[in-house]
Protein chains: 2
Amino acid sequence: MARNSFAAMHCSIARTLAVAGEWWTPLILRDVFLGLRKFDDLTENLGISRNLLTERLTHLVKAGVLERVRYQDRPPRFEYHLTEAGRELVPALMTLMAWGDKWVTPPGGPPAELVHDTCGNHFTPTITCSECGGKVTATTVTPLAGPGAAEGPGTRLLTLGRQAPPDPDPEK
Amino acid sequence: MARNSFAAMHCSIARTLAVAGEWWTPLILRDVFLGLRKFDDLTENLGISRNLLTERLTHLVKAGVLERVRYQDRPPRFEYHLTEAGRELVPALMTLMAWGDKWVTPPGGPPAELVHDTCGNHFTPTITCSECGGKVTATTVTPLAGPGAAEGPGTRLLTLGRQAPPDPDPEK
């Protein structure tokens with residue numbers, strides 16, 4: 001229900017959440033990225049019910065984020081691999097991890113560290129501008145209505161302009 | 001229930017989801033970032049029930065992501081502002097938006113465009129390495145166990161090493 005209404009919104013955050021925002025889904029993608037690809041390994045590591053995992057995996061395959069690959073013929077056995085779309089979600093998960101490391105740090109400190117293979121350093125994922133390479137923060141970005149902006153819930157706000165939030169309810 | 005079990009995991013993605021991963025929450029943060037700060041404006045723009053919005057806002061205030069600010073005394077009226085932790089979540093939302101623009105594009109194209117005030121250009125949020133500035137992708141990063149890695153669900157996997165996923169179930 002909620003998934004469908006999110007998917008229908010004219011908002012790419014909502015539409016991403018309709019694919020990857022359900023409870024458990026980011027952790028399933030994390031585990032597949034970390035190398036757990038089999039159903040039984042995923043249930044065991046996550047402590048998720050088999051029904052729920054089946055539901056989530058089916059949705060992710062249908063959405064094109066995971067693919068189900070047969071790795072053995074007799075008996076047939078399958079594992080789950082990230083697709084290109086799935087691989088592109090991984091850095092976004094890393095930014096959530098970095099936020100959690102800083103703001104809701106688990107006991108003992110960050111549970112995971114990331115090494116950038118290209119340069120060999122431990123690093124923090126940093127969100128930067130594709131044009132100038134500078135850091136992107138909430139206070140250095142202005143969102144504008146794009147070509148798909150609509151009047152419906154989702155991006156109606158953008159068509160009003162960020163600098164001019166709506167007046168308080170006139171009925172008050 | 002799920003929220004509590006996620007918060008207890010030794011995983012900074014799970015702990016971030018316990019704060020900001022619930023259904024609707026990223027869209028509430030989006031709207032507050034875009035300048036909608038009042039309860040009635042949020043319910044109207046999101047089409048969310050008042051009970052659910054109250055629950056989500058209370059949780060976000062308690063978690064330190066939003067603060068409730070009195071902007072009028074008689075009668076008392078409140079609005080919601082992003083805290084520093086909340087502002088730091090915004091770029092992560094932008095990476096979800098960019099993924100959605102590309103992989104689940106709404107009809108008509110991207111509903112929003114982002115301008116980087118620092119350089120004045122329309123841009124795509126890009127996830128880069130804090131050390132070398134190079135692009136971070138799923139295939140150029142190696143996750144390692146950090147100081148807070150534990151044997152429990154969440155990061156047990158990291159203690160096994162990414163390059164050596166567990167063998168198939170020996171019972172099979």
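Letters go in sequence order (proteins before strands), and every chain restarts at 1.
- With values rounded to the nearest 0.5 angstrom, A:Trp24 atom CH2 is found 4.5 Å from B:Phe6 atom CZ.
- Remark: the backbone N or O of B:Lys135 is paired with a side-chain donor or acceptor of A:His116 at under 3.5 angstrom.
- Annotation: side chain of A:Pro125 is not in contact with side chain of B:Ser130 (no heavy-atom distance under 4.5 Å).
- A 4.5 Å side-chain heavy-atom check between A:Cys11 and B:Pro106 finds every atom pair outside the cut-off.
- Of the possible donor and acceptor atoms, one in the side chain of A:Trp99 sits under 3.5 Å from a partner among the backbone N and O of B:Ala85.
- Interface check for chain A: of the options B:Gly146, B:Ala20, B:Gly21, the most heavy-atom pairs under 4.5 Å are formed by B:Gly146.
- For the set B:Cys119, B:Gly109, B:Gly86, B:Pro147, the count of heavy-atom pairs under 4.5 angstrom toward chain A peaks at B:Pro147.
- Side chains of B:Leu34 and A:Pro143 form a contact here, defined as non-hydrogen atoms less than 4.5 Å apart.
- For B:Thr137, the part lying under 4.5 angstrom from a heavy atom of chain A is the backbone only.
- Taking hydrophobic clusters as Ile, Leu, Val, Met, Phe, Trp and Tyr residues chained together by side-chain heavy-atom distances below 4.5 Å, B:Leu36 shares a cluster with B:Val61.
- When atom types are taken as modelled, the side chain of A:Thr16 and the backbone of B:Leu96 share a donor-acceptor pair closer than 3.5 angstrom.
- Using a distance-only test at 3.5 Å, with no hydrogens or angles considered, a donor-acceptor pair links the side chain of B:Arg15 to the main chain of A:Val104.
- The contact between A:Glu84 and chain B is made by backbone and side chain atoms together, counting heavy-atom distances below 4.5 Å.
- B:Pro111 and A:Ala149 make their closest contact through O-CB, 3.3 Å (heavy atoms, listed as atom of the first residue, atom of the second, distance).
- A:Ser12 is not listed as a side-chain neighbour of B:Thr105, based on a closest heavy-atom distance of 4.5 Å or more.
- Closest approach of A:Phe33 and B:Val141 over heavy atoms only: CZ-O, 4.1 Å.
- Note that CD1 of B:Ile127 is 9.0 Å distant from CG of A:Leu93, once rounded to the nearest 0.5 Å.
- Between A:Thr95 and B:Pro91 the shortest side-chain heavy-atom distance does not fall below 4.5 Å.
- B:Thr142 OG1 to A:Asp117 CG: the interatomic distance, rounded to the nearest 0.5 Å, is 3.5 Å.
- The shortest side-chain heavy-atom distance between B:Phe123 and A:Val136 falls under the 4.5 Å cut-off.
- B:Lys102 meets the salt bridge (Lys or Arg N to Asp or Glu O under 4.0 Å) test with A:Glu88; sequence neighbours excluded.
- Between the side chain of A:Thr128 and the main chain of B:Thr126, a donor-acceptor pair closer than 3.5 Å is present.
- A distance-only check finds no donor-acceptor pair linking the side chain of B:Arg30 to the backbone of A:Ile13 [under 3.5 Å].
- Its side chain within the 4.5 Å cluster rule, A:Val115 clusters with B:Leu144 among the Ile, Leu, Val, Met, Phe, Trp and Tyr residues.
- The residue among A:Ala63, A:Pro110, A:Gly134, A:Ala92 with the most heavy atom pairs within less than 4.5 Å of chain B is A:Pro110.
- For the pair B:Met9 and A:Leu27, the minimum side-chain heavy-atom distance is below 4.5 Å.
- Across B:Trp23 and A:Ala18, no two heavy atoms sit closer than the pair CH2-CA, 4.4 Å.
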